[in-house]
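First the structure, in the form of structure tokens, and then the observations on it.
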Number of protein chains: 2
Amino acid sequence: MSIAEPLQDSCAGATRSDCRHGRATNGCEDCKVRLFSVCAALEPSELEELDRISQAKQVPARTTLFEQSALAGSVFNVTDGVVRLYKSLPDGRRQIVGFALPGDFLGLALQDRYGVTAEAVNEVAVCRFVRSAFLAYVDGKPHLLRRLHEFAGHELSLAQDQMLLLGRRSAEEKIAAFLLNMQTRYARIGSVSVTVPLPMSRQDIADYLGLTIETVSRTLTRLAREKVVLIVPDGVRLLDLERLKLSGAS
Amino acid sequence: MSIAEPLQDSCAGATRSDCRHGRATNGCEDCKVRLFSVCAALEPSELEELDRISQAKQVPARTTLFEQSALAGSVFNVTDGVVRLYKSLPDGRRQIVGFALPGDFLGLALQDRYGVTAEAVNEVAVCRFVRSAFLAYVDGKPHLLRRLHEFAGHELSLAQDQMLLLGRRSAEEKIAAFLLNMQTRYARIGSVSVTVPLPMSRQDIADYLGLTIETVSRTLTRLAREKVVLIVPDGVRLLDLERLKLSGAS
DNA sequence: CGGCGGCATTGATGCAGATCAATGCTGCGC
DNA sequence: GCGCAGCATTGATCTGCATCAATGCCGCCG
């Protein structure tokens, strides 16, 4: 199931500004991820205008938001939950290129086709924009374009870090870097804790790090045995940050 | 040696518009990579203005254009030659995240620090811009910013392809994809041929593909033995494109 | 509450590619 | 034209992670 094209949505016939069911708040103005997201570049009046073309959606786990190489009909702002972004080979091998957290923007490149597939890992809330409407909105707002560009530059930088990780680091280093990275990202969006939520499966982690599920499991078990981490349901508690940084530091 | 900061250049004291020695042509207007580069988005009058803040430079092989995490004083347009872009780990392991060819822009993200190190593989010609001047130039030219953003989106997409390659493909698949990819890129900039120039060393190729020099060598030798490619000095001739695509197709 | 399905862990074995080690090739300075 | 330095090739061996194969765990549904 895809929510991107066509608009399989109960409010498809209503005017866009009515599409607020599912939104956690009353609009962009008090959106809880606004200050972390591309929208932080916008003035109150611009936010109002954005409200008019935005549509809040809540989707259950495993929902496909869009698929690799499909026409990019929508772009999204993630407001809650985790989204996996991946590329696949014809034979089924998969590489997850990133996990999108609240505040992340999907479709940053503004290209006419999606470069990756996006699936909800757990229950996810997004702010959806029809791409053409969003493009029109961006047009004439160079500060927003600048902000989108900044985000794209940041994504590119993350992608390059991930290349270094995939090409040159050992399994333990990959796991350590992943855990530290997720912790940092959660901290940035206001969730500072030594317990890192990992709503995704071991298979997802393996496909993100270029490993197998068995190697992920074994490596985590070993780190747990060495009291570097504590494995908890749907997450990991980081016990020995120094030791992790020794392996995972960039 | 770095040419980025400070300006180690014989014309450092001259006005910028005089800095044309080393430029292959008379200016942006008849720059041979203009139509492939970000500059294709510019009007003649804008090109003239760009001329005034640009500085053509020719640098020998192995020159460092800029270094990872240094302050980004300049941005560059590559007009000739090949540039390797890489990230390093403290212990010396290296991952090349890309090879920049003529028409490619370095510093696309416009961030205040470089995310990678850039080194000339062979003799390289670049068009250099002081970053602050370039930012000022971009400011008020949303169509150029749009173009830069498009380029960044394309780079991001390439980076994600490379992640899939690094994380999930075998040595032979990596080599095949690399060769086909380089051929396509050379074709796009006007050099259509089954002989792919490879000015970079085996070590560079290995560090790009997440392999060792020995594996690169062995894999190429095997492909040559099977008459899929013919190894020539500083390049490879692709003999059996179908067979290569079987391994390397995305 | 019991059985089933999906995921994770753990163990045994295999192998692609790394590592270690010569040897060969080529271009350049003298 | 000789010798050297740097790169590439080739061969022998090793190993980290994949693969194959149970087994365990837990939530869910009847």
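The structure displayed is predicted, hence computed values, not measured ones. The figures here come from the full heavy-atom set of this structure, side chains too, leaving out hydrogens, waters and symmetry mates. Note on naming: letters A, B, ... go to the chains in the order of the sequence lines (proteins, then strands), and numbering restarts at 1 for each one.
Within residues 167-183 of chain A, the residues approaching DNA chain D are A/Ser170, A/Ala171, by heavy-atom distance under 4.0 Å. In the region residues 222-239 of chain A, proximity to DNA chain D at under 4.0 angstrom, judged on heavy atoms, holds for none of the residues.
Looking at the side chain of B/Glu214, the nearest of the listed nucleotides D/dA18, C/dC20, D/dA8 is C/dC20.
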Check the pair A/Glu172, A/Arg243 against salt bridge (Lys or Arg N to Asp or Glu O under 4.0 Å), reporting the backbone distance first and the verdict last.
CA-CA 11 Å; A/Glu172 181 175 321; A/Arg243 170 73 169 65; 3.0 Å; yes
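Scanning atom types as modelled, no donor and acceptor separated by under 3.5 angstrom connect the side chain of A/Arg218 and the base of D/dG16.
Contact annotation for B/Thr221: backbone-only contact, meaning every heavy-atom pair under 4.0 Å involves sugar-phosphate atoms and none involves a base. B/Thr212 comes within contact range of at least one nucleobase, with a heavy-atom separation under 4.0 Å. Residue B/Leu211 is in sugar-phosphate contact alone, with no base atom involved, counting any heavy-atom pair closer than 4.0 Å across all strands shown.
Judged by distance alone, with hydrogens and angles left aside, the side-chain atoms of B/Ser191 form no donor-acceptor pair with the main-chain N or O of B/Ala187 at under 3.5 Å.
When the side-chain nitrogen and oxygen atoms of B/Ser217 are compared with OP1 and OP2 of D/dA8, none of them lie within a distance under 4.0 Å.
The residues B/Asp161 and B/Arg169 are annotated as not salt-bridged, no charged nitrogen and carboxylate oxygen being separated by less than 4.0 angstrom.
The closest side-chain donor-acceptor pair between A/Ser74 and A/Arg128 falls under 3.5 angstrom.
Within the 4.5 Å cutoff, the side chain of B/Val75 has no heavy atoms near those of the B/Leu106 side chain.
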